[in-house]
Amino acid sequence: MSRIGKKAVVVPAGVTPTINNGIITVKGPKGTLTMPLRDEISYTIEGDGISVQPANDTKRARAFWGMQRTMVQNLVTGVTDGFTKKLLITGVGYRAAAQGRNLKLQLGYSHDVNIDVPEGIEVKTPDATTVEISGADKQKVGQLAAEIRRWRKPEPYKGKGIKYDGEFIFRKEGKKK
């Protein structure tokens, strides 16, 4: 039995979920999100929540149960609160600047790195060494943060690079004389 899957997803006021043609659609103040439904799982909308149960007693259905419930919860959270990732840039001369639907990064290369921001995602740079990525779709926010971080991962000797806020970088001692 899935501990996560047993709980129903609570739908707050102002959010309307609908299920038709194998797709769940959740509308809320921050937009509309959709997700295809799995055949192994049965989804029902009951009053103030969405119930997710395995459709049959196979191992595959039980394996998908908790994850599908979490994905439905992410849809509801995304259209109400949204998701945010914060990246911190460390290093001399490393900086970021948001310019419309573009993010310009200076990361010690001979050229600037320009990253196009996808639709539905908002990128802010409160200062030159902080990048805040926010949006309703958790997967898109996390994917963009990972792509930005991939340009200059933090190195273990001086800690230079792009890291997530709250991420611990294991530091090495360096060469001994």
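Heavy atoms only: backbone and side chains are in, while hydrogens, waters and symmetry mates are out. Predicted, not measured: the structure shown is a model, and the values here were computed from it.
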Tell me whether the count of non-hydrogen atoms from other residues, nucleotides or ligands lying under 6.0 Å of [atom1] in [X] goes above 12.
| X | atom1 | answer |
| --- | --- | --- |
| I4 | CD1 | no |
| N114 | CG | yes |
| M67 | CE | no |
| E173 | CD | no |

Reported [atom1]-to-[atom2] distance for the pair [X] and [Y], which is rounded to 0.5 angstrom:
| X | Y | atom1 | atom2 | value |
| --- | --- | --- | --- | --- |
| S51 | I41 | OG | CD1 | 10.5 Å |
| I89 | D127 | CD1 | CG | 9.0 Å |
| T32 | L75 | OG1 | CG | 11.0 Å |
| R152 | T90 | CZ | OG1 | 12.5 Å |
| I115 | E147 | CD1 | CD | 7.5 Å |
| Y94 | W151 | OH | CH2 | 13.5 Å |

**Prompt:** Is there a donor in the side chain of T77 and an acceptor in the side chain of N74, or the other way round, less than 3.5 Å apart?
**Reply:**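 Absent: no donor and acceptor within the cut-off.
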- prompt: Do Y43 and Q68 have side-chain N/O donor and acceptor atoms under 3.5 Å apart?
  reply: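 There is such a pair (donor and acceptor under 3.5 Å, judged by atom type) between the side chains of Y43 and Q68.
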Take D137 and L33 through the test side chain to side chain contact (heavy atoms under 4.5 Å, CB included) and record every step on the way to the result. CA-CA 7 Å; D137 192 345; L33 293 175; 4.2 Å; yes
Quick one: closest heavy-atom pair of [X] and [Y], and the distance?
| X | Y | value |
| --- | --- | --- |
| V10 | V76 | O-CG1, 3.8 Å |
| G159 | P154 | O-CB, 4.5 Å |
| T84 | S134 | OG1-CB, 3.7 Å |

In the structure I gave you, are the side-chain heavy atoms of [X] and [Y] within less than 4.5 Å of one another anywhere?
| X | Y | result |
| --- | --- | --- |
| W65 | K6 | yes |
| I162 | I148 | yes |
| V123 | V131 | yes |
| V11 | T16 | no |
| L87 | I133 | yes |
| Q73 | M71 | no |
| K30 | T80 | no |
| V15 | K27 | no |

**Asked** Is the Lys NZ or Arg CZ of K85 less than 6.0 Å from the centre of Y164's six-membered ring, within 45° of the axis?
**Response**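 Positive - K85 is close enough to the ring of Y164 and near enough to its axis.
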On the six-membered ring of F64, is R69 placed so that its NZ or CZ lies under 6.0 angstrom from the centre and within 45° of the ring axis?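 No, a cation-pi geometry is absent between R69 and F64.
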query = For I45 and I19, what are the C-alpha separation, side-chain angles and deciding distance, and is it a side chain to side chain contact (heavy atoms under 4.5 Å, CB included)?
reply = CA-CA 8 Å; I45 299 172; I19 298 174; 3.9 Å; yes
Q.
Working note: R62 + D57, criterion salt bridge (Lys or Arg N to Asp or Glu O under 4.0 Å); need CA distance, chi angles, decisive distance, verdict.
A. CA-CA 7 Å; R62 288 193 317 273; D57 199 28; 3.7 Å; yes
- Query: Are R149 and E167 ion-paired here, with the side-chain N under 4.0 Å from a carboxylate O?
  - Reply: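 Salt bridge between R149 and E167, a charged N being under 4.0 Å from a carboxylate O: yes.
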- Query: Using 4.0 Å as the upper bound for N to carboxylate O, is an ion pair formed by R60 and E40?
  - Reply: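 Judged by the 4.0 Å cut-off on N to carboxylate O distance, E40 and R60 do form a salt bridge.
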- Message: If the condition is side chain to side chain donor-acceptor pair (under 3.5 Å), which residues does T125 pass it with, not counting sequence neighbours?
- Response: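 For T125 there are no side chain to side chain donor-acceptor pair (under 3.5 Å) partners, ignoring immediate neighbours.
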Acceptor/donor pairs from residues 99-107 side chains to any protein atom, 3.5 angstrom cut, sequence neighbours excluded:
from, atom 1, to, atom 2, distance (Å)
R101, NH1, I121, O, 3.3
R101, NH2, V117, O, 3.3
R101, NH2, P118, O, 2.5
R101, NH2, I121, O, 3.3
K104, NZ, D112, OD2, 3.4
Q106, OE1, R95, NH1, 2.6

Is a side-chain N or O of S42 found less than 3.5 angstrom from the main chain of Q53, in a donor-acceptor match?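 A pair under 3.5 Å: yes.
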Q) Hey, does the side chain of Q139 reach the backbone of G142 with a donor-acceptor pair shorter than 3.5 angstrom? A)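 Such a contact is absent between Q139 side chain and G142 backbone.
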Ring-plane angle category for F170 and F168, please: parallel below 30°, perpendicular beyond 60°, tilted otherwise.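 F170 vs F168 ring planes: perpendicular.
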Hey, any chance V52 and V79 share a hydrophobic cluster, counting ILVMFWY side chains that come within less than 4.5 Å of each other, even indirectly?
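Yes; tracing contacts between hydrophobic side chains, which count when under 4.5 Å, links both residues.
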- Task: Start with the C-alpha distance between M35 and I23, add both sets of side-chain angles, then the distance that settles side chain to side chain contact (heavy atoms under 4.5 Å, CB included), and finish with yes or no.
- Result: CA-CA 6 Å; M35 180 183 81; I23 294 176; over 6 Å; no
